[in-house]
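Here it is, the structure, as structure tokens.
Here, residue 1 is the first one in the sequence, and each next residue gets the next number. As a basis for the values below, the full set of heavy atoms in this structure was taken, side chains included, without hydrogen atoms, waters or symmetry mates. Treat the numbers as computed from the prediction; the structure is a model and nothing was measured. In each ligand, atom 1 is the first atom listed, and ligand 1 is the first ligand listed.
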Amino acid sequence: MRIDVFTLFPEAFEWFAGQRHVTNALAAGHALACVNYRETTPLSGGQVDDMPFGGGAGMVLRVDVVEAALRARYEADPVELRTRRRVIALTPSGRLLDDALVDELAAEPALTLLCGRYEGFDERIVEHFATEAVSIGRYVLAGGELAAMVLADAVLRKLPGALGHEESALEESYSAALEGAPEYPHYTRPAQWRGWSVPEVLLSGHHARVHEWRREQSRLRAQAQQRGHDHPV
Ligand code: ADE
């Protein structure tokens with residue numbers, strides 16, 4: 001997997017690139033690179049954005065700036081590029097990121113993530129250069145960088161060798177192994193703390209019962225989450 005992130009703030013990714021699962025993935029031959037739109041902007045003074053036509057607050061990332069950055073990186077017309085590479089614009093109006101989409105993206109050989117800033121992208125970037133728009137939730141961030149990190153984090157940890165234990169990503173929240181439900185609760189030592197005890201079944205050493213209990217907890221959490229959706233307070 002080769003992930004290229006286009007951003008105005010490559011330094012924002014330094015902490016992320018140092019995380020264990022990311023360094024593991026890089027050591028296993030995967031790649032994560034940041035490309036700064038400002039380095040290839042055709043505009044003077046490092047300009048990359050502009051005021052929105054029709055008025056309104058904030059600035060919009062320019063289509064010519066993004067085209068220049070993509071052309072410089074891939075030596076191709078971005079309109080052609082997207083026919084052979086997944087190019088994702090991070091924007092609050094995009095398709096909601098979930099475990100199924102993460103699985104789909106983790107199976108790709110390469111991803112290009114486009115971060116917007118301020119008011120986001122000139123729509124022609126999304127329409128003509130991106131294969132899709134992705135949102136990490138129904139709220140607005142100041143930029144796409146955190147969203148790109150969330151997506152890259154979720155994708156990279158799915159790759160073989162990224163996590164310490166191969167099985168850790170299999171039976172986790174929203175995985176097929178748990179039928180899309182959230183994960184069951186975990187406990188560790190001490191078995192007693194302030195009178196709060198660990199569920200007896202987990203100390204029983206009875207694997208089948210542990211398994212059944214976990215499935216049930218996972219199902220209960222899915223129901224609770226569903227109720228939360230039904231009655232948001
Ligand atoms: N950029 C700003 N807000 C965002 C969100 N919720 N998801 C993806 N990209 C964003």
The complete set of side-chain hydrogen bond (donor to acceptor under 3.5 Å, both in side chains) pairs with one or both residues in residues 88-104, sequence neighbours excluded, reads R86-E104, T91-S93, D99-K158, D103-K158

Which pairs would a plain distance check flag for residues 184-193, meaning a side-chain donor or acceptor within less than 3.5 Å of a matching protein atom at least two apart in sequence or in another chain?
residue	atom	partner	partner atom	Å
Y184	OH	E171	OE2	3.1
H186	NE2	E183	OE2	3.0

Quick check for students: name every N or O atom pair between ligand 1 and the protein closer than 3.5 Å, with distances.
residue	atom	partner	partner atom	Å
ligand 1	3 (N)	L141	N	2.9
ligand 1	6 (N)	G137	O	3.2
ligand 1	6 (N)	Y139	O	2.8
ligand 1	7 (N)	I136	N	3.0
ligand 1	9 (N)	T91	N	3.2

Scan for side-chain hydrogen bond (donor to acceptor under 3.5 Å, both in side chains) pairs involving residues 7-20, sequence neighbours excluded, and state none if there are none.
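For residues 7-20, and leaving out neighbouring residues, the side-chain hydrogen bond (donor to acceptor under 3.5 Å, both in side chains) pairs sorted by first residue read T7-E145.
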
Does R62 use its side chain to pair, donor to acceptor, with the backbone of V48 at less than 3.5 Å?
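No; judged by distance alone, with no hydrogens or angles, the pair does not exist.
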
Considering only heavy atoms from C-beta outward, does the side chain of V60 approach that of D49 to under 4.5 Å?
no

By the definition side chain to side chain contact (heavy atoms under 4.5 Å, CB included), identify the one residue from L113, V65, T112 that meets it with F6.
T112

